[in-house]
Amino acid sequence: MVISCKQEILGRFISETDTAYSKDIRDISAKINKDPFNADLYYKRGNTFYYQKKLGDAILDFETAVNLDSNNAVYHFKLGETCLLQDSANPIKTLQHLQKATMLKKDFYEAEFALAKLYLYRQMYEKAIKSFEKLEKQSEYADNAIFYKGMGYKEQKDTLRAMQHFEKVLQINPQHYHAVMQIASMYASRGDDLALQYYDRALAVNEASDEACYGKGYFYQQLGDYPKALGMYDRARLINPAHKLALYNSAFIALDNKQYEKCRDLCNNYIEMDGNNANSFAMRGTAYEKMGNKKAALQDYNAALGIDPKNNTALAGKQILTGN
């Protein structure tokens with residue numbers, strides 16, 4: 001009777017001779033086929049699938065491991081973590097297994113950290129902050145726990161406490177890139193020149209950060225310092241040629257500086273990357289209009305309106321060219 005119940009919760013069968021799977025998977029499957037009620041073997045096969053980035057297969061094996069041994073905290077954690085990574089993540093299922101892992105093993109800090117971030121993602125701020133407060137006491141997790149706690153306060157619009165937490169992170173770990181970037185963006189949102197210092201600090205931590213280059217460039221653009229803005233946008237695009245915002249803003253500056261051919265060329269590059277952005281067509285249409293090419297301008301305005309019928313630039317431009 002016990003064996004019959006166990007058979008109902010066994011995982012799928014994989015033949016040790018099935019070459020559709022890797023040798024590692026076949027080797028573990030051979031052991032499972034000889035000992036089909038061994039939860040740890042399913043866990044090991046699930047881990048192998050996990051590192052092969054076959055998350056659906058991994059989840060099936062972790063579920064079997066949990067079904068065979070529901071008191072193993074590691075099995076619950078790995079199942080929850082893998083569900084969270086899957087594109088079609090089931091947050092309720094993930095939450096249940098991460099909570100179970102932390103209940104079964106009180107000092108399971110890796111599971112606690114994953115659970116706290118999930119609470120934050122689901123906007124369960126009170127629970128998230130309590131979990132992060134537990135982790136603050138653990139040196140391995142302290143800086144990141146304080147950082148995410150700060151993010152929780154930021155999401156709740158408590159910018160003062162958010163800033164205090166990001167600054168505290170830097171006292172523990174001066175190289176914490178994400179804390180530096182958060183402080184930079186908060187100063188930038190206020191128009192405070194201190195933003196530039198923190199963008200520079202972020203680039204000192206990670207010189208290949210297109211995010212920091214773009215942020216610094218955008219701050220210069222807001223100040224009206226176009227040459228410096230363009231310099232940072234060029235640097236962002238050198239690091240990441242697909243950085244669409246840096247490309248778009250460079251085109252905008254070219255248009256504002258009456259460099260219409262340059263604006264057109266930059267818009268061409270943008271549209272090659274993303275042909276579904278109404279603003280890029282509308283901007284190129286404006287450049288063509290200023291260059292005297294009314295036919296090309298009207299085509300671009302119509303293209304923009306085909307994507308976004310309420311695009312103000314395209315509506316205004318088309319009205320000027322057609323009179324309606």
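Remember, predicted model here, so these are calculated numbers, not experimental data.
Side-chain contact of S29 with E16: a donor-acceptor pair under 3.5 Å is absent, judged by distance alone. For E63 and Y42, the side-chain atoms include no donor-acceptor pair closer than 3.5 Å. At a cut-off of 3.5 Å, with distance as the only test, no side-chain donor of Y43 or N72 sits close to an acceptor on the other residue. Side-chain contact check for Y75 and D40: at least one donor-acceptor pair (N or O, by modelled atom type) lies under 3.5 Å. No donor-acceptor contact under 3.5 angstrom links the side chains of Y177 and N206, judged on distance only. Between the side chains of N144 and H176, at least one donor-acceptor pair of N or O atoms lies under 3.5 Å.
Minimum heavy-atom separation, K149 to F132: N-CD1, 3.9 Å. When all heavy atoms of D69 and A39 are compared, the pair lying nearest together is CB-CB, 4.0 Å. Closest of all the heavy-atom pairs between T159 and M186 is O-CE, 3.4 Å.
Cluster annotation: I14 is not connected to F62 through the hydrophobic network of ILVMFWY side chains, with a link wherever side-chain heavy atoms come within less than 4.5 Å.
H76 places a side-chain N or O within 3.5 Å of a backbone atom of S70 that can act as its donor or acceptor partner. A donor-acceptor pair is defined here as one N or O able to donate and one able to accept, closer than 3.5 Å; such a pair exists between the side chain of Q156 and the backbone of G152. A donor-acceptor contact shorter than 3.5 Å is absent between the side chain of N257 and the backbone of Q259. Without hydrogens or angle criteria, N173 side chain to V169 main chain gives no donor-acceptor distance under 3.5 Å.
A perpendicular orientation is assigned to the rings of Y248 and Y270, their planes being inclined by more than 60° (bins at 30° and 60°). Taking the six-membered ring where tryptophan is involved, the planes of Y214 and Y218 are essentially parallel, since the angle between them stays under 30° and well short of 60°.
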Requested in this report: Please report the C-alpha distance between Y119 and Y125 in whole Å, then the side-chain angles of each, then the deciding distance to 0.1 Å, and finally whether the ring pair (Phe, Tyr, Trp, His ring centres under 6.0 Å) criterion is met.
Outcome: CA-CA 7 Å; Y119 283 144; Y125 296 119; over 10 Å; no

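Applying salt bridge (charged side-chain N to carboxylate O under 4.0 Å, His left out) to D61 and the options K78, K54, R45 leaves one that passes, R45.
Other residues, nucleotides and ligands contribute at most 12 non-hydrogen atoms within 6.0 Å of the NZ atom of K44.
Looking at L247 and M273, their side chains come closer than 4.5 Å, going by heavy atoms from C-beta outward.
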